[in-house]
There are 2 protein chains.
Amino acid sequence: MRHEFKKKSRVMLIDDNYEHLSGIRELLNLEGTFDVVGIATNVTVGLNLIKKYQPDIVLLDMNMPERDGLQGIMEINKLGLNTKVLALSGYDDADLIFRAMKIGAKGYVLKTMASAQLIYAIEEVLNGKIYLPLALSSRFFEYFQKSFREETEKQNSQTDEENLLDALTQREEEVLELLTQGITYKGVANKLFISETTVKTHVNNIFQKLQVNDRTQAVLYAINNGFLTKKVKMAV
Amino acid sequence: MRHEFKKKSRVMLIDDNYEHLSGIRELLNLEGTFDVVGIATNVTVGLNLIKKYQPDIVLLDMNMPERDGLQGIMEINKLGLNTKVLALSGYDDADLIFRAMKIGAKGYVLKTMASAQLIYAIEEVLNGKIYLPLALSSRFFEYFQKSFREETEKQNSQTDEENLLDALTQREEEVLELLTQGITYKGVANKLFISETTVKTHVNNIFQKLQVNDRTQAVLYAINNGFLTKKVKMAV
DNA sequence: AAAGATATAGACCACATGGTCTACTTAATA
DNA sequence: TATTAAGTAGACCATGTGGTCTATATCTTT
């Protein structure tokens, strides 16, 4: 049997607090299974190092001046490498957590966490999982649900005024749909196998029902009031 | 000192599998701190019981025929009571988890979980937290990031073609913006203090740059290519 | 000083659009 | 059976829209 050993994981650290940076480096070195291939105190330098050393994972501080952590995550992901980002932050700011996860952080941990937990988080991420401690995922979900609730309420309030669109007959809806594609009367007539005059009649009825006086306004009304998304109807 | 005791939490169970239902009831009764105030094998009956007994928490099975679990969550929340929903499922279907959390489940647990963990989940939810075990939250986030990645890619591919809008001069953008409000040439002329002819000249230039041949198509192009949202510019 | 881009504006014309009225057919409803 | 709603379609006309060409005035850039 050949000389067998577990390959060390290549880690990079980016944090504008140098003391914290050193602390983590110490910790990871002591652990023995990690190889800290680079450290940086700002994103710009960090990005160059990442390009050069292509680490398996980057521990990235979120709360840095200038080019901040969120931008950092995006730019690292944009490199198209296989480098995973574990976000670090001193605070459990729900909005920040949400945005970081949204743009592709593989995990988010607080600086106040116990060392063992940080090690665990790093290992989980390295194993292809996404790691968010329970406390943070709880905060995340509150924020997540709140934003969806607001979205739903907004849609519902729109639905109340949407009755103008509901007044349209089937045929009128068909005509309006073609109008929203920027097709002329003649074009609509051909598509629906009816005369141009009939199209005009329908269009005039549509205008009256939607209380507008030209096609552009009708199209705008249709779009703003979810005419197109109506059929797709967000499946819960 | 008066007779002091911890008030039992009122729990309801909805699951079409009666055996599982009984099992959980047993478990919760043994625990001693819960009061199972009702059980149901379908959502319709369950809803009525919820209205009647107003439990603190409902354990709701996701995988039921007919009125399924997702609808159940929505309808329970629509009641406007203080009843929390903990979703139960046999499978860790990412899409189902995502949708359940999106519409307001306070937690999601697998039926295969250890009893102690289920008890813990219930208690967390009762304490106002949101509970998703690490394994499930990991699945959730994969799904979450995937959908956002797709959205971003779609936007980026749009951005590539967006140069047509970039070709517009300032004045042309102003004119286009007014067009997207369904204003006539005369109206635009008045708003911008220029002659109607000038507006027409601008509009013709816009058409050529956007490669369309009427205002409706120009407006559609503008909307579909983020002309209006350009200034708002989604802050990460 | 010349060239190019931008904003302005007039003239002319063909055609699309929108408004109004009438009228026929069919299907659903009272 | 009478009525109503929906879809069809013609006629007429005023006006809006879009295409093309020409022509200034500025301002920037070369």
Side-chain angles (χ1 to χ4, degrees), chain A residues 161-228 230-231, chain B residues 161-228 230-231:
Chain A
E161 305 157 25
E162 209 170 301
N163 41 20
L164 292 188
L165 278 175
D166 295 343
L168 299 182
T169 68
Q170 275 190 11
R171 202 56 162 171
E172 285 161 358
E173 284 193 3
E174 290 180 66
V175 173
L176 179 54
E177 191 172 342
L178 293 174
L179 286 193
T180 62
Q181 293 167 35
I183 303 179
T184 69
Y185 286 164
K186 205 169 289 183
V188 175
N190 287 331
K191 290 228 174 198
L192 297 183
F193 303 108
I194 55 181
S195 90
E196 211 178 321
T197 317
T198 307
V199 176
K200 285 178 57 177
T201 309
H202 285 312
V203 171
N204 270 304
N205 290 334
I206 292 171
F207 288 169
Q208 283 181 19
K209 289 183 178 176
L210 300 189
Q211 295 165 26
V212 298
N213 35 41
D214 63 58
R215 58 196 295 123
T216 308
Q217 285 178 16
V219 168
L220 288 171
Y221 185 92
I223 291 175
N224 290 329
N225 293 77
F227 177 68
L228 299 170
K230 210 180 195 176
K231 289 148 199 168
Chain B
E161 304 155 26
E162 208 172 302
N163 42 19
L164 294 187
L165 278 174
D166 294 344
L168 300 182
T169 67
Q170 276 191 11
R171 202 56 162 170
E172 284 161 359
E173 283 192 5
E174 290 181 66
V175 173
L176 179 54
E177 192 172 342
L178 293 175
L179 286 193
T180 62
Q181 293 167 33
I183 303 179
T184 69
Y185 287 162
K186 205 168 290 184
V188 175
N190 287 332
K191 291 229 173 194
L192 297 184
F193 303 107
I194 54 180
S195 91
E196 210 178 322
T197 316
T198 307
V199 177
K200 284 178 58 178
T201 309
H202 286 312
V203 170
N204 270 304
N205 290 334
I206 292 171
F207 288 170
Q208 281 179 18
K209 289 183 179 176
L210 300 189
Q211 294 165 26
V212 300
N213 35 43
D214 63 58
R215 59 197 293 125
T216 309
Q217 285 177 17
V219 169
L220 289 172
Y221 185 93
I223 292 175
N224 290 329
N225 293 78
F227 177 68
L228 299 170
K230 213 178 194 174
K231 291 148 200 168

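From a predicted model like this one, the values you see are computed outputs, not experimental measurements. In what follows, chains carry the letters A, B, and so on, assigned in the order in which the sequence lines appear, proteins first and then strands, with residues in each chain numbered from 1.
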Counting the atoms with a prime plus P, OP1 and OP2 as sugar-phosphate, which does A:Thr198 contact under 4.0 Å by heavy atoms, base, sugar-phosphate, or nothing? base

Over all atoms of both residues, closest heavy-atom pair of A:Leu176 and A:Leu210: CD2-CD1, 4.3 Å

The helix from C:dA1-D:dT30 to C:dA30-D:dT1: angle between end helix axes, five pairs per end, rounded to 10 degrees: 40°

Could you tell me whether a side-chain N or O of A:Glu172 sits under 3.5 Å from a main-chain N or O of A:His202, the two making a donor and an acceptor? no

Choosing from D:dG10, D:dG18, D:dT8, which nucleotide comes nearest the side chain of B:Arg215? D:dG18

Under 3.5 Å: donor-acceptor pair, side chain of B:Arg215, backbone of B:Ile183: yes

At the 4.0 Å heavy-atom cut-off to chain B, mark where contacts on DNA chain C begin and end, going 5' to 3'. C:dT6 to C:dC12

Regarding the side chain of A:Thr169, the nearest nucleotide among D:dG18, D:dC12, D:dG7 is D:dG7

List, with names and distances, any nitrogen or oxygen atoms from the protein found under 3.5 Å away from nitrogen or oxygen atoms belonging to nucleotides 25-29 of chain D.
none

Keeping B:Lys209 on the side-chain end and B:Leu168 on the backbone end, is there a donor-acceptor pair under 3.5 Å? no

Given the rule in the side-chain contact (heavy atoms from CB on, under 4.5 Å) test, do B:Asn205 and B:Val175 qualify, once you have shown the distances and angles that lead to the verdict? CA-CA 11 Å; B:Asn205 290 334; B:Val175 173; over 6 Å; no

Determine whether a donor-acceptor pair (N or O, by modelled atom type, separation under 3.5 Å) exists between the side chain of B:Glu196 and the backbone of B:Tyr185. no

Toward the 5' end of DNA chain C, which comes first, A:Phe207 or B:Ile194, by nearest nucleotide? B:Ile194

Between A:His202 and B:Ile183, name the one whose nearest nucleotide on DNA chain D is closer to the 5' end. A:His202

Pairwise 5' ranking along DNA chain C for B:Lys200 and A:Thr201, keeping only the more 5' one: B:Lys200

Looking for any heavy atom pair under 4.0 Å, which part of the strands does A:Thr197 touch: base, sugar-phosphate only, or nothing? base

A:Lys186 near the nucleic acid: base, sugar-phosphate alone, or nothing, with a heavy-atom cut-off under 4.0 Å? sugar-phosphate

